[in-house]
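Contents: one structure, followed by commentary.
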Amino acid sequence: MLVRDAMSTLVLTIGPAHTLRQAAALMSARRVGAAVVLDPDGTGIGILTERDVLNSLGLGQDPDTERAHAHTTTDVVFAAPSWTLEEAAVAMTDGGFRHLIVLDRDGPAGIVSVRDIIRCWAPQRQRAEHVSA
């Protein structure tokens with residue numbers, strides 16, 4: 001199975017000037033754990049995850065004044081829609097993260113998460129167990 005089959009194509013995008021509270025509210029409303037941060041004047045494409053928000057809060061920072069750009073990961077590993085789920089899982093394991101931005105020619109095409117991969121692999125495992133039983 002390929003990344004294009006598992007990824008979410010409804011990508012939450014925010015700007016670098018969004019506050020962490022705004023980003024968290026948008027992520028919560030969309031029930032996603034990451035937002036793509038588009039900064040055409042700066043670093044390009046980055047990612048802000050729920051872990052980034054939690055780390056800021058844990059440091060006692062104010063989510064109403066902290067901006068996304070200060071917490072965005074810009075050294076991002078991108079996936080291609082044609083990657084296998086195994087390739088995506090290896091990249092996530094090696095990098096220690098749970099989300100991959102999927103890029104095509106025109107920019108972000110989706111996000112694939114560990115949850116997406118598990119959702120795809122679980123039915124395959126169940127089918128295999130029924131066949132071998």
Side-chain angles (χ1 to χ4, degrees):
M1 187 169 277
L2 302 178
V3 164
R4 76 170 50 91
D5 302 319
M7 71 183 190
S8 172
T9 57
L10 295 174
V11 178
L12 173 61
T13 59
I14 63 171
H18 276 79
T19 66
L20 290 187
R21 184 175 308 279
Q22 290 169 325
L26 290 167
M27 287 190 284
S28 178
R30 298 260 184 103
R31 298 178 49 94
V32 296
V36 174
V37 181
L38 298 178
D39 187 0
D41 299 327
T43 56
I45 300 172
I47 190 166
L48 179 76
T49 68
E50 58 200 359
R51 183 175 296 160
D52 298 322
V53 175
L54 285 173
N55 286 340
S56 175
L57 293 174
L59 292 171
Q61 296 174 333
D62 183 352
D64 292 314
T65 59
E66 287 296 312
R67 303 292 173 179
H69 69 83
H71 302 277
T72 298
T73 301
T74 56
D75 184 20
V76 179
V77 175
F78 297 103
S82 60
W83 278 19
T84 65
L85 293 184
E86 289 81 7
E87 289 173 304
V90 166
M92 289 178 188
T93 302
D94 289 350
F97 45 81
R98 298 177 293 156
H99 299 87
L100 280 170
I101 299 172
V102 183
L103 289 183
D104 67 10
R105 291 180 222 97
D106 302 322
I111 289 187
V112 65
S113 69
V114 170
R115 181 177 291 161
D116 296 326
I117 293 172
I118 291 169
R119 181 178 38 80
C120 291
W121 282 349
Q124 290 177 342
R125 184 173 176 89
Q126 289 173 347
R127 282 193 300 270
E129 288 173 359
H130 283 46
V131 170
S132 65

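Note that these values count all heavy atoms, side chains included, but never hydrogens, waters or copies made by symmetry.
Put simply, the side chain of T72 gets close to the backbone of A68: a donor and an acceptor are under 3.5 Å apart. Of the possible donor and acceptor atoms, one in the side chain of D52 sits under 3.5 Å from a partner among the backbone N and O of T49. A distance-only check finds a donor-acceptor pair linking the side chain of H18 to the backbone of G15 [under 3.5 Å]. T73 contributes no side-chain N or O that, together with a main-chain N or O of V76, makes up a donor-acceptor pair within less than 3.5 Å.
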- Task: Evaluate side-chain contact (heavy atoms from CB on, under 4.5 Å) for C120 paired with L85, printing each intermediate quantity in order.
- Result: CA-CA 9 Å; C120 291; L85 293 184; 3.7 Å; yes

- Item | Residues T19, R67; criterion side-chain contact (heavy atoms from CB on, under 4.5 Å); working and verdict | CA-CA 4 Å; T19 66; R67 303 292 173 179; 3.1 Å; yes

- Show your working on side-chain contact (heavy atoms from CB on, under 4.5 Å) between W83 and V112 and close with a plain yes or no. CA-CA 11 Å; W83 278 19; V112 65; over 6 Å; no

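The hydrophobic cluster containing L48 also includes L12, I14, L20, L26, M27, V32, V37, V53, L57, under a criterion of side-chain heavy atoms closer than 4.5 Å among ILVMFWY residues, counted directly or through chains of members.
Other residues, nucleotides and ligands contribute over 12 non-hydrogen atoms within 6.0 Å of the CG atom of D64. Summarising the local packing, CG of L59 is surrounded by more than 12 heavy atoms from other residues, nucleotides or ligands at distances under 6.0 Å.
Expressed to the nearest 0.5 Å, how far CD1 of I117 lies from CE of M7 amounts to 13.0 Å. Between atom CD1 of residue I111 and atom CZ of residue R98 there is a gap of 12.5 Å, rounded to the nearest 0.5 Å.
Every residue meeting the side-chain hydrogen bond (donor to acceptor under 3.5 Å, both in side chains) condition with S56, not counting sequence neighbours, appears here in chain and number order: Q61.
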Cut-off 3.5 Å, no hydrogens considered: what does the side-chain donor-acceptor table look like for residues 87-97, sequence neighbours left out?
{"from": "E87", "atom 1": "OE1", "to": "T84", "atom 2": "N", "distance (Å)": "2.7"}
{"from": "E87", "atom 1": "OE1", "to": "T84", "atom 2": "OG1", "distance (Å)": "3.4"}
{"from": "T93", "atom 1": "OG1", "to": "A89", "atom 2": "O", "distance (Å)": "2.8"}

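With a 4.5 Å cut-off on side-chain heavy atoms, R51 and H71 do not count as touching. Using a 4.5 Å heavy-atom threshold, the side chains of I47 and H99 count as touching.
Of the listed residues (L103, T13, V102), just one forms a side-chain contact (heavy atoms from CB on, under 4.5 Å) with P108, and that residue is L103.
Under the 4.5 Å side-chain heavy-atom criterion for grouping Ile, Leu, Val, Met, Phe, Trp and Tyr, V3 is connected to V77 within one hydrophobic cluster.
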